There are 4 protein chains.
Amino acid sequence: MTASSNGSDPENLRRRILDTARHLLVQEGYQNLSMRRIADAIGYSATSIYLYFDSKDALLHTLIHEGMMRLHDRLEAAAAQHPDRPEARLQALCRAFVQFGLHNPEYYEIMFQLRPERMERYPPDKYRQARKNLDAFAAALKAGAAEGAFVVTDPRVAASTVWASLHGTVSLLLADRVDARIAPDTFIDTAIRQVMQGFRHTPAPSAP
Amino acid sequence: MTASSNGSDPENLRRRILDTARHLLVQEGYQNLSMRRIADAIGYSATSIYLYFDSKDALLHTLIHEGMMRLHDRLEAAAAQHPDRPEARLQALCRAFVQFGLHNPEYYEIMFQLRPERMERYPPDKYRQARKNLDAFAAALKAGAAEGAFVVTDPRVAASTVWASLHGTVSLLLADRVDARIAPDTFIDTAIRQVMQGFRHTPAPSAP
Amino acid sequence: MTASSNGSDPENLRRRILDTARHLLVQEGYQNLSMRRIADAIGYSATSIYLYFDSKDALLHTLIHEGMMRLHDRLEAAAAQHPDRPEARLQALCRAFVQFGLHNPEYYEIMFQLRPERMERYPPDKYRQARKNLDAFAAALKAGAAEGAFVVTDPRVAASTVWASLHGTVSLLLADRVDARIAPDTFIDTAIRQVMQGFRHTPAPSAP
Amino acid sequence: MTASSNGSDPENLRRRILDTARHLLVQEGYQNLSMRRIADAIGYSATSIYLYFDSKDALLHTLIHEGMMRLHDRLEAAAAQHPDRPEARLQALCRAFVQFGLHNPEYYEIMFQLRPERMERYPPDKYRQARKNLDAFAAALKAGAAEGAFVVTDPRVAASTVWASLHGTVSLLLADRVDARIAPDTFIDTAIRQVMQGFRHTPAPSAP
DNA sequence: CATGAATGAGAGTTCATTCAT
DNA sequence: GATGAATGAACTCTCATTCAT
């Protein structure tokens, strides 16, 4: 008889709590995510959750951290596809970011849409690490500028505005706020094309 | 002595409820906005609010509607500044949108950051009207394309992606998620420049 | 039909909450006094208590304050019986204090046996007023010393030690810690006689 | 290498549980003393405590018993200092009692300030033994009366009232309820002097 | 027009304790 | 001898809402 035969080997429940929290997050929304609901969903008492997490905050912070790591992986993988072509690399990063958001709405929600008050309690060291996700964008922009493909004054600022555009794109899609007559793929493609175009050279605006 | 001299004419209280709700929204955040708190803030009983609004949802929907109208006004005013120059008009629209978000964080929060579940209950007719705010962007893009300043396939789609970028920009700023080392104005200017550039002509990418 | 016909006129419930809290306090002990239990005892929902008291602390502080006032009354009445005879006055005060404690064990418990942590939150102004209860003892001692009946160095200190003795007496009786073979009245009389004797003149201890 | 060298010989953990409970008692207060906290403080699981104590009550009762024994030792030692001089002996006993209380607030709290409900469950045989601590006082009073130094009707009663006074003194000091302007030593000295004086001869109060 | 009274549901969290291993 | 897993009951407190007046 193995430990897993009763479905309750140690790390398993912790994992189930996290997963259930994620699912509830996307199903019921952050506002309706409560310890009791999580407990009910996994068929355990609310008390049990506290065996694995010190508090609701700790649980959420764990989810945020997981999401950050996962996003980090996705971005690294995307960047690795085009080590020598900054432009293609930036595009891959954008696409990877959007895909991550759409495929992991739960993670996305707590990572980027948590109200500032909750975020304040997020451990600073983890927060700093999260910021690193922007570096991939900045690096691609800098490299692109170096080889003359992009016009970029400050890569850090440019990376932030790129992020802003992508974030807006994902947010609206997740919130179902995009005109229903527009196909999501069209929306995404257009958004990314617009972002890419945003740093390209342009001929002087045609004088009248 | 008029009815309004003692501050209790009919419409007055309704107005105060709405205004107080807005202020609480920005001060305490959406999560902490409760009927009781609104009532306490205006010095009336919680019950009184129900004389003017059927439910908390109804109150929020009214606020959303007001915000949509206000945004509509701002965008119209911005568009009117440059009736003949689509490019300048688009830029003015972008700037107006961002300014609206930053100057009216309460409205912005409930208008664009409310969870979908709440939004589902938003009356469809009002919702449709809200969509119209996008039309100003679409019109400017279409006009710009007509005179050859922009490359735009579908103005409606392009308007949506513009909106997405602006929404991301405002969201990150309001949530205090932008790198503290970047000045807000720099961030905004860069974001808008990037959006504008996103639809300009470009020389064909140099083929290898 | 009068307001009280359904047993729920306004101030009535507040009064019942306080009284019920007092009774539970002596029946179940401070540790087991909960908002729910109070609510259950009066047949109302727990929420209702919060209509009359901001918090559990506020409720307890109200009880403490009431107790202090009541004790104050008792002491004043006792002192008034012997305005001109300090010795008799002191004795009356002692007796009044002990009687108050034994007749109002609930008040006594929260007034004098509340752990310091809870007491810290007691409003300072009310606390200061509570201290005044000691003044009656100090005054009697001072007056007695003035006419040569007592030997008292510092009336404030002496009042405190008198209070200590009485407090110990009441505490042990309430906690049922006095040897069951000793009649309570005997115990009380002896205790008070001992206190009174504590400040009288004494001939030099008889040399061998 | 002995069994105790790794800090885990049988009786050791039991001892550590008791000691830790005592320390937590004085640091955090009785209300905040929980099995979990004790376990955490010693680095063992909460379950382990139940290997040595049947329940929280049993643990507390053990502590109470220990305290009683310890107090007994202190009082015996004090009494032994003045075997032939009852008056000095009584004073030494008083001082020893107060010192014990102030130096062992943890013990004192559970020994004398535990609510009656908890006390009811205290095993009767241990309780009876606890009573013996009063005997030392009674003996000194009796001896003093025998040699004419004290006026004592019933030594058992007198011992109880002495105890009451001392208990009040210690209680107020521990609860920080003594006027901050009075130095603790002054308070203690005055209290003890008052107690001693309480049994001395007095000239008949001058009749008018 | 406005309120006071009242509530059920639910929030996060802590507790002493049990049981199988 | 010691533990990890688990729980039911309890805690204070907040919420949107209803109803009679």
Side-chain angles (χ1 to χ4, degrees), chain A residues 1 3 6 8-14 31-40 43-59, chain B residues 3 8-10 12-14 31-39 43-59, chain C residues 1 3 6 8-14 31-40 43-59, chain D residues 3 8-10 12-14 31-39 43-59:
Chain A
M1 209 205 283
N6 60 358
S8 70
D9 69 290
E11 277 311 285
N12 208 6
L13 185 51
R14 190 186 142 91
Q31 300 242 46
N32 299 320
L33 180 70
S34 80
M35 299 301 255
R36 276 225 229 305
R37 269 159 119 107
I38 298 173
D40 285 351
Y44 279 76
S45 78
T47 316
S48 293
I49 301 184
Y50 287 89
L51 294 176
Y52 300 92
F53 300 95
D54 282 344
S55 65
K56 191 183 182 184
D57 263 20
L59 199 170
Chain B
S8 68
D9 72 289
N12 207 7
L13 184 49
R14 187 169 196 276
Q31 300 244 44
N32 299 322
L33 179 71
S34 78
M35 300 298 255
R36 176 67 55 97
R37 270 155 122 109
I38 297 173
Y44 278 75
S45 81
T47 321
S48 297
I49 302 184
Y50 287 88
L51 295 175
Y52 298 93
F53 301 95
D54 282 345
S55 65
K56 193 184 180 185
D57 264 18
L59 199 170
Chain C
M1 210 204 278
N6 60 358
S8 68
D9 69 289
E11 277 312 285
N12 209 6
L13 185 50
R14 189 186 143 92
Q31 300 243 46
N32 300 320
L33 180 70
S34 79
M35 299 300 254
R36 269 225 237 303
R37 270 158 119 107
I38 298 172
D40 286 351
Y44 280 77
S45 78
T47 316
S48 293
I49 302 183
Y50 287 88
L51 294 175
Y52 300 91
F53 300 94
D54 282 344
S55 65
K56 191 182 182 183
D57 263 20
L59 198 169
Chain D
S8 69
D9 73 289
N12 208 7
L13 184 51
R14 187 172 197 276
Q31 300 244 43
N32 299 320
L33 180 70
S34 79
M35 301 298 255
R36 176 67 54 100
R37 268 156 122 110
I38 297 174
Y44 278 75
S45 80
T47 322
S48 298
I49 301 182
Y50 287 88
L51 295 175
Y52 298 93
F53 302 95
D54 283 345
S55 65
K56 192 183 181 184
D57 263 18
L59 198 169

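Keep in mind the model is a prediction, meaning the values are calculated, not measured. FYI, side chains are in, hydrogens and waters are out, and symmetry mates aren't considered; it's all heavy atoms of this structure. Residue numbering restarts at 1 for every chain, and letters A, B, ... go by the order of the sequence lines.
Rounded to whole Å, the distance from CD1 on Ile38(B) to P on dC15(F) is 11 Å. If you measure from atom CZ of Phe53(B) to atom P of dT18(F), you get 16 Å, rounded to the nearest angstrom. The interatomic distance linking Asp57(A) (CG) with dT13(E) (C1') rounds to 13 Å, in whole Å. Straight-line distance from the CD1 atom of Ile49(A) to the P atom of dG12(E): 9 Å, rounded to whole Å. The nearest whole Å value for the distance from the CZ atom in Arg36(D) to the P atom in dT13(E) is 15 Å. Between the C1' atom of dA16(E) and the CG atom of Leu59(D) lies a distance of 12 Å, rounded to the nearest Å. In this structure, Gln31(A) atom CD and dC15(F) atom P are separated by 12 Å, rounded to whole Å. Here dT3(F) presents its P atom at 15 Å from CG of Leu51(A), a figure rounded to the nearest Å.
Within the structure, every side-chain polar atom (N or O) of Tyr44(D) is placed at least 4.0 Å from both OP1 and OP2 of dG1(F). The side chain of Thr47(C) places no N or O atom within less than 4.0 Å of a non-bridging phosphate oxygen (OP1 or OP2) of dT7(E). For dA10(F), the OP1/OP2 oxygens have no side-chain nitrogen or oxygen of Arg37(C) closer than 4.0 Å. Taking side-chain N and O atoms only, Tyr52(A) has a distance below 4.0 Å to OP1 or OP2 of dA6(F).
For the atom pair Ile49(A) CD1 and Lys56(A) NZ, the distance stands at 10.0 Å (nearest 0.5 Å). In this structure, CD1 in Ile38(A) is found 5.0 Å from CG in Leu59(A), a value given to the nearest 0.5 Å.
Side-chain proximity of Ser55(A) to the nucleotides dA6(F), dT13(E), dC11(F) is greatest for dT13(E). Listed nucleotides dA2(F), dA11(E), dC13(F) differ in distance to Lys56(C); the shortest reach to its side chain belongs to dC13(F).
The side-chain heavy atoms of Met35(A) and Tyr50(A), taken from C-beta on, include a pair separated by under 4.5 Å. Looking at Leu51(D) and Leu13(D), their side chains never come closer than 4.5 Å, going by heavy atoms from C-beta outward.
In this structure a side-chain-to-backbone donor-acceptor pair under 3.5 Å is present from Arg37(A) to Asn32(A).
Applying the 3.5 Å distance criterion, the base of dG1(F) shares no donor-acceptor pair with the side chain of Ser48(D).
When the nearest nucleotides of DNA chain F are assigned to Leu33(C) and Ala46(D) by heavy-atom distance, the more 5′-ward of the two goes with Ala46(D). For the pair Tyr50(B) and Gly43(D), both in contact range of DNA chain F, the more 5′-proximal nearest nucleotide belongs to Gly43(D).
Among the heavy atoms of the strands lying under 4.0 Å from Ser34(A) are primed sugar atoms or P, OP1, OP2 only; no base atom is included.
Both distances falling under 3.5 Å, in either a Watson-Crick or a G-U wobble arrangement, place dA6(F) opposite dT17(E).
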